[in-house]
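Some notes on the structure that comes next.
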Amino acid sequence: MLKEERHQYILNRINQNYRIYITALSSELGVSDDTLRRDLAELDELGLLTKVHGGAIARSGIPVEFTDRLNTGIAGKQQMATKVIPLFSPGDIVLMDGGTSNLEVARQIPVDAELSIYTNSFPIVNVLMHHPNLELIFLGGKVFPSSQVTVGVSVFQALQTIRPDWLVLGISNVHPHQGLTGPDREEAMMKRLMMERAKKRIILADSHKLNTAEAYSVASLGDIDYLVTEDSKVDYIRQNWPKSSYQVL
């Protein structure tokens, strides 16, 4: 079998099963483990999968650019957002990271809600700035254009001064074993600090994000309190993912 044929076979398998193992592929394809390790390394470099110990896992198929993601899975984002809003109580301090799922949460916050909201997301600020009872604080810093958020030293410093009741974290990849990951190192570091500062942590993950992983670790599933997903995926996660302390909504 030619290398190109092996690569296509590997990609087909990972698209079906989300995870592949070198030992199984070696038996299926009749090639050595070393050959498959090289194949997986090449496909990882091309951004087509994520190589992990013993095999590889799928990467998210969600477009990187924020404007492209706005039109992805709209109904699912609206469904997830309706589950988040009832968690908030008057007077709560909420830290909202960027992302199109989080933007939908912001859109569903009632106009008369009495909350303090910290965010590093330009679109979320634009949605919430006319809510009269909100205390809205923008975390200024270096602009990260693809996500329309701010990052950098000034954001890190600001985060160290607050202790929010809730974090609504934007994340592109959620895996039952790899946890929460992302494709950018600096953004992943900032998200880790957000996780550390918050009392309760909410993750929104539709079907495009589940069972995928990227290069940079943010947190384990055991670090979150609520994993919010589409109704059609709730039972799947409860039945197939490792048991943990987080609630699946």
Side-chain angles (χ1 to χ4, degrees), residues 10-25 36-37 39-64 69 72-73 76-77 80 83-84 97-102 146-147 167-196 198 201-249:
I10 290 168
L11 293 175
N12 289 341
R13 287 277 277 103
I14 204 166
N15 286 335
Q16 293 171 355
N17 301 320
Y18 299 105
R19 184 181 181 109
I20 52 175
Y21 297 91
I22 287 175
T23 52
L25 288 173
L36 288 169
R37 288 190 187 95
D39 287 342
L40 296 182
E42 289 182 27
L43 293 170
D44 187 303
E45 289 179 5
L46 292 170
L48 299 174
L49 50 73
T50 297
K51 188 176 182 295
V52 298
H53 181 71
I57 53 183
R59 285 191 175 182
S60 172
I62 298 174
V64 174
R69 288 183 278 123
T72 302
K77 292 170 186 174
M80 292 187 295
K83 303 177 186 183
V84 174
D97 188 21
T100 53
S101 295
N102 289 1
S146 65
S147 298
L167 166 64
V168 185
L169 186 73
I171 201 75
S172 59
N173 306 85
V174 184
H175 192 274
H177 304 293
Q178 302 298 318
L180 314 179
T181 59
D184 181 82
R185 178 174 175 272
E186 185 175 13
E187 196 174 23
M189 290 173 61
M190 187 188 67
K191 292 177 187 293
R192 283 200 295 272
L193 179 56
M194 289 181 172
M195 291 285 294
E196 292 171 6
R201 306 158 189 90
I202 303 168
I203 304 298
L204 282 72
D206 60 20
S207 57
H208 298 285
K209 299 178 181 180
L210 298 176
N211 296 300
T212 67
E214 285 286 357
Y216 299 102
S217 176
V218 173
S220 70
L221 288 179
D223 294 324
I224 69 176
D225 297 281
Y226 294 92
L227 175 57
V228 183
T229 189
E230 298 152 308
D231 290 345
S232 61
K233 293 296 182 181
V234 170
D235 287 341
Y236 163 77
I237 293 174
R238 289 174 176 169
Q239 295 169 11
N240 295 284
W241 284 30
K243 299 294 184 291
S244 188
S245 59
Y246 63 86
Q247 295 185 46
V248 183
L249 300 179

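Scope of the values below: all heavy atoms of this structure, side chains included, with no hydrogens, waters or symmetry mates. Starting from 1, each residue takes its place in the sequence as its number.
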Least distance between heavy atoms, [X] atom then [Y] atom:
X	Y	answer
K83	D231	NZ-OD1, 2.7 Å
S207	E230	N-OE1, 2.8 Å
P242	H177	CG-CE1, 3.8 Å
L167	A198	CB-CB, 3.5 Å

Has [X] got a side-chain atom pairing as donor or acceptor with [Y]'s backbone, closer than 3.5 angstrom?
X	Y	answer
K191	I171	no
N102	G98	yes
S101	K77	no
N173	G182	no

Indicate yes or no: at least one non-hydrogen side-chain atom of [X] is less than 4.5 angstrom from one of [Y].
X	Y	answer
L25	D39	no
V174	T212	no
I10	L36	yes

Would you compute the distance between atom [atom1] of [X] and atom [atom2] of [Y] and round it to the nearest 0.5 angstrom?
X	Y	atom1	atom2	result
H175	S217	NE2	OG	13.0 Å
K233	N211	NZ	CG	8.0 Å
M189	Y216	CE	OH	11.0 Å
K209	D206	NZ	CG	5.5 Å
R37	D44	CZ	CG	14.5 Å
E214	L180	CD	CG	13.0 Å

Quiz item: How far apart are the C-alpha atoms of M190 and D97, what are their side-chain angles, what is the distance that settles it, and do they pass the side-chain contact (heavy atoms from CB on, under 4.5 Å) test?
Solution: CA-CA 10 Å; M190 187 188 67; D97 188 21; 4.2 Å; yes

Exercise. Would you list the pairs meeting salt bridge (Lys or Arg N to Asp or Glu O under 4.0 Å) in which at least one residue belongs to residues 48-57, sequence neighbours left out?
Key: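 Sorted pair list comes back empty.
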
Quiz prompt | For E196, salt bridge (Lys or Arg N to Asp or Glu O under 4.0 Å) partners two or more places apart | solution =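 So E196 forms no salt bridge (Lys or Arg N to Asp or Glu O under 4.0 Å) with any residue.
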
Quiz item: Take atom OH in Y21; do more than 12 heavy atoms of anything else shown fall under 6.0 Å from it?
Solution: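 Counting neighbours around OH of Y21, 12 or fewer heavy atoms of other residues, nucleotides or ligands fall under 6.0 Å, so no.
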
Quiz item: salt bridge (charged side-chain N to carboxylate O under 4.0 Å, His left out) between R192 and D223: does it pass, once the steps are laid out?
Solution: CA-CA 10 Å; R192 283 200 295 272; D223 294 324; over 6 Å; no

Quiz item: Could you walk me through whether L169 and I224 pass the side-chain contact (heavy atoms from CB on, under 4.5 Å) check?
Solution: CA-CA 10 Å; L169 186 73; I224 69 176; over 6 Å; no

Exercise. Test V234 against L249 for side-chain contact (heavy atoms from CB on, under 4.5 Å), laying out the working first.
Key: CA-CA 7 Å; V234 170; L249 300 179; over 6 Å; no

Quiz prompt | side-chain hydrogen bond (donor to acceptor under 3.5 Å, both in side chains) contacts touching residues 240-249 (sequence neighbours left out) | solution =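 Matches after skipping sequence neighbours: none remain.
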
